[in-house]
Amino acid sequence: GICCLVYATTLVGGHDAIQDLVHRLRRQRAQSEQLAITDPLTGLANRRGLNRFIAEAARGPEAELRVALIDIDDFKRINDRHGHMGGDVVLLGLAEHLSDALGHQWLVTRSGGDEFVCASQTGSLDDVCRVLSDVPSLQFEDAIVPIKVSAGLARGPADDTILADASEALRLSKQQGKHELTVVDDELRARFTESRRLGAQLAEALEHRDIEIWAQPIVHTEDRSIYSYECLARWTTPEGQRIPPSTFIPMIEDQRQIGRAHV
């Protein structure tokens, strides 16, 4: 009888210890998963957290998102002038402003560097425009540091396309002189879609050396003899559409494939 009592006591103690270990491992796993989707500086969700949010939204009954891709203007100049600590103050200040002003309807993320992404299934892009137009300056040491941002805003299905549209819109904002907000409408969306289609075809054309060189002779006006040639790049898509160099050369530069443009 005594042996059985000791065995039972040991068994209960061992079970409690195992349960405690399981709970601790689960907590540690949850903490690790949370750290994996969190930006260590601002405490916001990171790119992985944003991707998870988009994936969850895509599985919902209303798989539509509003997205704002935000970039701090002249952030390098801020870092150069105030050091990385000053840059961190600006990042933290913008993170706090976006989180407080947009509220619980929006997921505010820092996707890397000085780039933020705000995403929502129910929020209004007009609210984001208002919040971005009124970003407060920050006090850092003895200096007032103004924060100016550019942004691309889009609304559409919860997939990678909406981020691509917002990214193209952000690029337009930067080209327009910074501190600009560009909202993607139907016309812009069609333009971006066509640009991405051509971009994919251009990558294949470069891979298969389908960019042609046309030689245009340069002649003497007196005797019409040829003394040189001007080489012109020409590209015809598989559908027979001729794309002018003024269109596809900047695309090659954007894709950073200028070194691969062999013919």
Side-chain angles (χ1 to χ4, degrees), residues 67-81 87 111-115 117 129 132-133 146 148-156 159-263:
V67 165
L69 187 60
I70 304 159
D71 188 82
I72 301 174
D73 294 331
D74 300 316
F75 186 69
K76 182 178 183 302
R77 186 180 301 174
I78 293 174
N79 270 334
D80 291 343
R81 183 173 181 179
S111 58
D114 60 328
E115 186 177 272
V117 180
C129 290
L132 295 179
S133 299
K148 302 294 184 182
V149 300
S150 296
L153 303 95
R155 175 177 177 172
D159 55 30
D160 291 340
T161 302
I162 190 172
L163 289 177
D165 284 346
S167 179
E168 292 288 343
L170 173 60
R171 180 183 299 192
L172 284 182
S173 294
K174 291 290 189 180
Q175 290 174 351
Q176 292 166 7
K178 303 179 183 179
H179 194 36
E180 295 284 343
L181 309 178
T182 301
V183 181
V184 178
D185 56 16
D186 291 341
E187 181 180 350
L188 272 181
R189 182 173 293 107
R191 184 171 133 196
F192 293 159
T193 301
E194 175 65 9
S195 176
R196 287 193 290 269
R197 184 187 71 83
L198 281 179
Q201 288 187 336
L202 178 59
E204 291 186 8
L206 293 174
E207 188 70 30
H208 297 97
R209 300 191 175 187
D210 291 336
I211 306 296
E212 298 179 340
I213 290 295
W214 289 10
Q216 177 174 297
I218 300 176
V219 300
H220 288 289
T221 56
E222 295 179 357
D223 58 6
R224 309 299 296 174
S225 61
I226 299 173
Y227 69 89
S228 182
Y229 288 89
E230 180 182 11
C231 293
L232 307 173
R234 293 292 183 263
W235 175 39
T236 303
T237 68
E239 297 84 6
Q241 181 183 7
R242 290 185 176 177
I243 309 300
S246 59
T247 296
F248 72 80
I249 294 298
M251 292 173 65
I252 293 175
E253 293 172 342
D254 286 344
Q255 294 179 8
R256 298 182 179 180
Q257 298 188 92
I258 197 70
R260 295 177 52 209
H262 304 298
V263 293

Approximate separation, where rounding is to 0.5 Å, of Ser150 OG and Asp73 CG | 3.5 Å
Would a 4.5 Å heavy-atom cut-off, applied to side chains only, mark Cys231 and Gln216 as touching?
-> no
Do the charged groups of Arg191 and Glu194 touch, with an N to O distance under 4.0 Å?
-> no
Pairing residues for Ser246 by the side-chain contact (heavy atoms from CB on, under 4.5 Å) criterion, not counting sequence neighbours | Pro244
Taking Arg189 for the side chain and Arg155 for the main chain, is one N or O donor matched with an acceptor at less than 3.5 Å?
-> yes
Indicate the atoms forming the closest heavy-atom contact of Pro146 with Ile78, along with that distance.
-> O-CD1, 4.3 Å
Pairing residues for Arg196 by the side-chain contact (heavy atoms from CB on, under 4.5 Å) criterion, not counting sequence neighbours = Thr161, Ala164, Asp165, Glu168, Phe192, Thr193
List for me each residue that meets side-chain contact (heavy atoms from CB on, under 4.5 Å) alongside Ile162, sequence neighbours excluded, and say none if there are none.
-> Leu65, Val67, Ala154
Between Ile213 and Ala233, the two heavy atoms sitting closest are CD1-CA, 4.2 Å
Under a 4.5 Å cut-off applied to non-hydrogen side-chain atoms, are Leu181 and Ser133 in contact?
-> yes
Nearest 0.5 Å please: distance from the CG atom of Asp71 over to the CG atom of Asp114.
-> 4.5 Å
Rounded distance [0.5 Å steps], CD1 in Ile243 versus CG in Leu198 = 5.0 Å
Does Ser173 reach the main-chain N or O of Ala151 with its side chain, forming a donor-acceptor pair under 3.5 Å?
-> yes
Quick one: closest heavy-atom pair of Trp214 and Arg234, and the distance?
-> CD2-CG, 3.5 Å
